[in-house]
Amino acid sequence: MKILVINSGSSSIKYQLFNMEDESVLAKGVVERIGIDDSFISYENGNGQEITIEKDISDHKEGIRLLIDTLLNEDYGVLNDMDDVEAVGHRVVHGAEEFSGSVLIDDKLVKTMEDVADLAPLHNPPNIMGIKVCQELMPDKPQVGVFDTAFHQTMPEKAYIYALPYEFYKKYGVRRYGFHGTSHGYVSKRAAELLDKPYSELKIITCHLGNGASVAAVKNGKSVDTSMGLTPLEGLVMGTRCGDIDPAIVPFMMNKLDISAEEMDTIMNKESGLYGVSGVSNDSRDVEDAAAEGNHQAEVALELFDYRVKKYIGAYTAAMGGVDAIVFTAGIGENSIDSRENILEGLEYLGLKVDKEANNCRSKEQIITTEDSRVKALVVPTNEELVIARDTMEIVSS
Ligand code: AMP
């Protein structure tokens, strides 16, 4: 069975084609700069053949048409016929309370997704656009929606209600939803497998540390808390997002700078985090380089990033009444040896001992604590596309 996975953003479409017999990736790539100058598609097939086609791509429909043509191309394609593809799985950022698992998409569900789109105005509309275009271009193929929020729908009320007037929640859906759910679900389950322990009996803290970053507390296989909230802005310091701040700063700075709510929102989402504090970059590698050269703001930005993760680990250990494993994933979690070491430093009181040699690794599954460490720490590369493909296969098979 072959499954196409689509992650449709506002100006790009990431895609992967899976052969589910062995879960191998037959082809993958990105359609970039849709509707902007210099648009192109990059494509790589399982034989390592890479191509880039520069072409005007004015909208998502053209983009998806081009990616289908690429998959079918006589020279470098991997399909003879689109009939070989069983179904299409879509990443959808916000599922609100309506979606606590992956679903087979019909017109009614598209409408429900549109109804909750105001909770994620930047992400959901392009996700829905991708779904609609695929429905139009491949009308005979089942389309499945996999939601970033779904895994966290098991959070108890005390973890998701904000201490604001209760009708904010009832009337407007203002509550904590959490994101990166497919990643937290995948790496926590994988950590249980690597530790050879039952998933349903473990307390796991998963740290998804990328340009967007979040932590989750996964108790007995269920998310009981996570650091992102109504939107992905809450929680950790991120590439360009501020994470937790005193909410009173918002009106205070709006008055000082005489700016609108939208402008303040942009500052907190796009001009803060590692970028805002360091003044260098949102990319942790650039910030690490600047810090190594003695740039004070860059040093502070990195310390702040690691310190915030450490605080969440403490909080979630308390929330779960202990912790068995701490998992690192995504760009920084998988690659930054220093970040992992700084985050775990001082957690000996929990019964955690870092194995520095084992921690000297990038992008591979690895236990990074010593044999006798009671609490384990692991690196587990995330694979959100595979989760989407697996969910899609499960839904269409049943
Ligand atoms: P992601 O959003 O998961 O793609 O992660 C992006 C972040 O991961 C950026 O801040 C990158 O600097 C960081 N990252 C990616 N590769 C590395 C690496 N080899 N070493 C350190 N950080 C990395």
Using a 4.5 Å cut-off on heavy atoms from C-beta on, say whether the side chain of [Y] contacts that of [X].
X    : Y    : value
K141 : E86  : no
H180 : T206 : no
H90  : V144 : no
F151 : S188 : yes
I131 : M113 : yes
I13  : L67  : yes
D107 : Q135 : yes
E62  : D59  : yes

Between [X] and [Y], does at least one N-O distance fall below 4.0 Å, as a salt bridge requires?
X    : Y    : answer
E341 : K356 : yes
E365 : R190 : yes
K111 : E114 : no
D324 : K376 : no
D283 : R285 : yes
R176 : E234 : yes

Would you find a donor on one side and an acceptor on the other, under 3.5 Å apart, between the side chain of [X] and the backbone of [Y]?
X    : Y    : result
Y316 : T226 : yes
T392 : V88  : no
S278 : A298 : no
S339 : S336 : no
N7   : K14  : no
S10  : P126 : no
T112 : K108 : yes
K310 : N342 : yes
E21  : M1   : yes
E263 : S260 : yes

According to ring-ring contact (aromatic ring centres under 6.0 Å, His included), who are the partners of [X], at least two apart in sequence or on a separate chain?
X    : value
F99  : F147
F328 : none
F179 : H94

More than 12 heavy atoms from other groups under 6.0 Å of [atom1] on [X]:
X    : atom1 : result
Q49  : CD    : yes
N80  : CG    : no
D56  : CG    : no
D196 : CG    : no
K132 : NZ    : no
Y307 : OH    : no
D258 : CG    : no
K222 : NZ    : no

Shortest non-hydrogen contact between [X] and [Y], atoms and distance:
X    : Y    : result
N127 : S8   : ND2-O, 2.8 Å
G173 : L119 : O-CD2, 4.3 Å
Q366 : K364 : OE1-CE, 3.0 Å
A96  : V116 : CB-CG1, 3.7 Å
E136 : P139 : O-CD, 3.5 Å
G351 : S373 : O-OG, 3.4 Å

Between [X] and [Y], is there shared hydrophobic-cluster membership here, with clusters defined by ILVMFWY side-chain heavy atoms closer than 4.5 Å?
X    : Y    : result
V277 : I245 : no
V224 : V375 : yes
M238 : L209 : no
I36  : V133 : no
L386 : V396 : yes

Side chains of [X] and [Y]: donor-acceptor distance under 3.5 Å anywhere?
X    : Y    : value
R340 : N359 : yes
N335 : S363 : yes
T382 : Y186 : no
N211 : Y275 : no
H208 : T329 : no
T240 : N282 : no

Check the pair I57, L66 against side-chain contact (heavy atoms from CB on, under 4.5 Å), reporting the backbone distance first and the verdict last. CA-CA 9 Å; I57 306 167; L66 185 59; 3.7 Å; yes
Output field: ring centroids Y43/Y76 closer than 6.0 Å: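 So the answer is yes for these two rings.
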Do H184 and H152 have ring centroids that are under 6.0 Å from one another?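 For H152 and H184, the ring centres are under 6.0 Å apart.
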Let me know which of V5, I388, V92 forms a side-chain contact (heavy atoms from CB on, under 4.5 Å) with V146.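 Between V146 and the candidates, side-chain contact (heavy atoms from CB on, under 4.5 Å) is satisfied uniquely by I388.
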For L17, run the side-chain contact (heavy atoms from CB on, under 4.5 Å) check against V78, N45, D84 and tell me which one passes. V78
Lys/Arg cation over aromatic Y177: R175, 6.0 Å, 45° cone: yes
Should E385 and R91 be marked as a salt bridge (Lys or Arg N to Asp or Glu O under 4.0 Å) after you check the CA-CA gap, both sets of side-chain angles, and the distance that decides it? CA-CA 8 Å; E385 292 77 15; R91 178 189 183 210; over 6 Å; no
For the [atom1] atom of [X] and the [atom2] atom of [Y], what is their distance to the nearest 0.5 Å?
X    : Y    : atom1 : atom2 : result
K28  : L71  : NZ    : CG    : 14.0 Å
K219 : D225 : NZ    : CG    : 12.0 Å
D75  : I51  : CG    : CD1   : 9.5 Å

